[in-house]
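Along the sequence shown, residues are numbered consecutively beginning with 1.
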Amino acid sequence: MTSSTDVEAAKASLMGKQVVKFLGSEHENNVEDWQYVFVFALPDVNEDAKKKFAEPMEDPKKWLMKIFPKNYKDEKLQSAERIEIPAEVKEGMTRKQFHDFVFKEFTAILAGPLCGFNLKRITSFDEDECFLLVSLTDKARIDDLADKEGFKAKLKPTAYTNCKLSVPTDHGLGNGEFTRTSEDHEKNIDGTPVTNDYCQYVPFDALMKPVLEDLTDADKLRLMRRHIQAFVSLASLEQSGVCLSIFPLHKWSGIEHMYSKGWSKLHNVFHWPREAMADQVFQYMGAELAFFFHWLNFFTRLALIPALASIPVFIARKTGMLSLEQKHYMSMAFAAFVAVWSSCFNQMYKHRKNMKQIKWGMKNFNQETAQVRRQFDDTYRGSWKDHAQHIGHWILCACFVAETMLFTGWIANLRFDAAEDKHGKTFGIPNPSFVAYGKYIITINIKIMDKVWSIVTDKLTSKENWRTAQELKSALVAKIFAVKAFIFFYPFLYVILIQPYAEGCPGDGDMQGCIEVLQSSLMSFFITNFVTEVVMVCVSLFLTRMAIRSEEGKKPGKLYPYLELQAKCPEYTVGDQINDFMNAILNYGFILMFSICLPFMSFLAFIFSVPMKRLTAYKLSYACQRPDPKGAEGIGAWEPVLSILSYAGVSVNCYIAVFLYEPIASWNPYSKFLTFIAAEHVLIALKLTIETMVGDKSLEEKRIEEYHDDTLEVITESIIGIKKGKAKLESKSTPPPSPYS
């Protein structure tokens, strides 16, 4: 136990230093200007560590070439640019010797002329690890690296005004004129006011420096990692066991700024998601996560429309003021409205996404910066083993899908039998209780299969031979969506597509019984899913707090540093990001596919989307290590997923309207089939018409892009021409006389 005297003594020793309060205790904020942390194990902590470091290093030459692929020669390859592997790196060398050699080589690269970073080594709180702190703060060095890496920087507004040009904004008047607005009360993370500027991004050039904005905090981290990767394989550094973990550091000022804006403030549920908030996320977290939250914000804002429209439908259905057929007609109209809304939503999002691409300098990012993964083997691509690996993965997908189908059918059968025998028991549970709570068994199976598949497919996809990281992520999204969409949607589709014909519906056996089961199951799922996500974040925070408390007990008179607190937090992986996006996509999918059965679900999806977004933001800020800022052109592989769900929703809702809802459900099979085909095609034609009319580009985007093309040369010449001095052209001929004089 830490006594109050010890705590006071610790506080006294921190006079003049910043102290932050987190997870119910105070911590020394020792992050300062450091940006990256590399964690290394210490060899002489205890007997187990000594024994492990005394073991021979397995294949040290191979690992050395993997870690420093551009430094050392492969014995099988000839390269004048690479040096021979030193004699000290040989078979039989201990882990300690290998770790020592790599650490010295690694730090020499970071501190030397190749990188020029600031370095500092500190020992961890419990003295079992050391932290290598890395930063890049020298502005001249930042400019030099940005120039070498071809990094894009944003033009300042003065680049336009100095040339007597208008600053491009999202409010174009035509003919190169724009209206510029500034929210002086709203500040970015760097302290600059929030504006509606859309200044162009250009490759960094030292001559253009006076008219280029400083790089954002996220851009500097991205620049550092990209430059380090040119000399060192960070993945191999971790895989070899030399480095335990690598992560960028959270800045307390940054996450508190985001908190003050309501981004991660859990109790601020009714804070309206603003368009400009994504710009703040971009500056701190990078474009990839910023596009994720930009989509979430846009979805939340536009989900309000079907949410409000569902309220009168819900009231009319519950008050008994309408007949059953009238209720069904109202639900059909609402489903058609949602189908149209989804097309408008998808096209409007494309417009907003394209505008953010311009604002954040992410146009053609994947094409310009895609790097080949070091694990990629071009000779392996297309081989029988490669094909077998992909086929085996998809077969496993099918197995998870089959498990969901069989389990759902089995539970549905048991519930149906239990409903028929009200006085019996199932697995020792009274049948009325089993019927009531059986839906939760299906929900639990959904969550278990969801978590298991996320882990399995992440491991398998990472071992596949994908050329770039973007290709790997797209493949991961495709496989996760293929299984998760089925796992989540199938139990509800089963109730309306299979159960009426295979088992019959509860109650009187008519379709209304199945519809009521579906409504009840959907409501239970929404609530259970939200509670599960809250519990997962709470568990993560609890485990972090316990890990910290166990170390605090070793030094009762010392406050635990904020830097090391971040090291105890779990990493926010690609799989975590996909799972978070999948939860949001599922909300969207449920609105589209089941709005005809439970219109009020649109309202629930809107209500739950706000706290889920806050929860994800809080997790990123306080419960996880800071993710590596990454560039992106948008939400990537999720965009076609949105389109697939939009059109799948049309088919499902048309099926329910025709085959389950009266009066059409009473028609003969031939008439129902023709009605289904006609209704589906009419709605699809309407959606395609809307998408064509709205288009892929907004007028604002066209004006800004055209203006960028027209003005870039003028701005470049005005700066570079002055710096270099324009060449004088001499006359080489005499003009001919005019025929008119």
Side-chain angles (χ1 to χ4, degrees), residues 7 10-39 118 120 122 124-125 131-137 186-192 214-222 224 245-268 271 277 279-286 289-290 293 537 540-545 547-549 551-552 558-572 614-629:
V7 173
K11 287 183 183 178
S13 68
L14 288 168
M15 290 298 290
K17 298 181 181 179
Q18 187 183 5
V19 176
V20 299
K21 193 166 186 178
F22 181 65
L23 293 177
S25 59
E26 292 182 328
H27 305 274
E28 176 195 353
N29 187 1
N30 60 338
V31 173
E32 299 172 358
D33 291 328
W34 301 110
Q35 292 162 298
Y36 261 104
V37 174
F38 295 81
V39 184
N118 304 315
K120 181 182 178 181
I122 63 172
S124 65
F125 188 83
F131 296 98
L132 178 66
L133 308 181
V134 184
S135 70
L136 176 61
T137 54
E186 286 285 345
K187 299 291 183 183
N188 292 312
I189 291 179
D190 58 6
T192 58
D214 290 335
L215 298 182
T216 65
D217 194 37
D219 281 338
K220 289 174 188 174
L221 291 171
R222 200 155 55 85
M224 287 176 68
S245 66
I246 305 166
F247 61 92
L249 282 165
H250 270 303
K251 302 290 185 185
W252 187 257
S253 58
I255 59 176
E256 283 297 283
H257 174 87
M258 305 287 277
Y259 184 86
S260 69
K261 298 294 180 185
W263 184 63
S264 55
K265 198 177 288 185
L266 291 178
H267 61 272
N268 200 6
H271 188 274
M277 193 65 238
D279 298 332
Q280 310 276 332
V281 181
F282 165 73
Q283 291 178 12
Y284 188 73
M285 294 283 187
L289 281 170
F293 280 96
V537 173
S540 177
L541 287 169
F542 175 77
L543 292 175
T544 301
R545 182 67 191 118
I548 293 168
R549 182 163 290 180
E551 293 193 6
E552 283 178 328
K558 192 176 179 182
L559 295 186
Y560 199 79
Y562 178 52
L563 188 151
E564 293 189 46
L565 184 150
Q566 295 182 48
K568 292 297 179 187
C569 292
E571 179 187 359
Y572 186 73
R614 294 273 181 272
L615 194 66
T616 305
Y618 187 87
K619 177 173 68 175
L620 282 167
S621 299
Y622 301 106
C624 291
Q625 292 173 359
R626 185 177 182 176
D628 259 308

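- Applying the side-chain hydrogen bond (donor to acceptor under 3.5 Å, both in side chains) test to Ser124 and every residue at least two apart in sequence or in another chain returns Asp126, Asp128.
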>> With side-chain contact (heavy atoms from CB on, under 4.5 Å) as the criterion, how do Leu133 and Val37 come out once you've worked through the C-alpha distance, each side chain's angles and the decisive distance to 0.1 Å?
In response: CA-CA 5 Å; Leu133 308 181; Val37 174; 3.7 Å; yes

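- Across every non-hydrogen atom of Trp263 and Met277, the tightest pair is CB-CE, 3.7 Å.
- Side chains of His27 and Leu559 form no contact here, defined as non-hydrogen atoms less than 4.5 Å apart.
- Shortest non-hydrogen contact noted between Cys624 and Cys569 is C-CB, 3.8 Å.
- Residues Glu571 and Phe247 are not in side-chain contact: their nearest non-hydrogen atoms beyond the backbone lie 4.5 Å or more apart.
- No side-chain heavy atom of Val19 sits under 4.5 Å from any side-chain heavy atom of Glu28.
- Residues satisfying the side-chain hydrogen bond (donor to acceptor under 3.5 Å, both in side chains) test with Tyr572, not counting sequence neighbours, are Asp580.
- Counting only heavy atoms from C-beta outward, the side chains of Leu620 and Pro627 approach each other to under 4.5 Å.
- Closest of all the heavy-atom pairs between Leu215 and Lys220 is O-CE, 3.5 Å.
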>> Determine whether Thr137 and Asn118 satisfy the following criterion, side-chain contact (heavy atoms from CB on, under 4.5 Å), listing intermediate values before the conclusion.
In response: CA-CA 8 Å; Thr137 54; Asn118 304 315; 3.0 Å; yes

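- A pairwise comparison of heavy atoms in Gly286 and Ala218 identifies N-CB, 3.6 Å as the closest pair.
- The two atoms that bring Trp34 and Lys251 nearest to each other are O-NZ, 2.6 Å, heavy atoms only.
- Ring pair His250/Tyr284 is parallel by interplanar angle, where below 30° counts as parallel and above 60° as perpendicular.
- Leu563 has its side chain out of reach of Glu32: every pair of non-hydrogen atoms, C-beta onward, lies at least 4.5 Å apart.
- Partner Arg626 forms a side chain to side chain contact (heavy atoms under 4.5 Å, CB included) with one of Leu249, Ile255, Leu221 and no other, that one being Leu221.
- Among residues two or more places apart in sequence or in another chain, the ring pair (Phe, Tyr, Trp, His ring centres under 6.0 Å) test is passed with Tyr36 by none.
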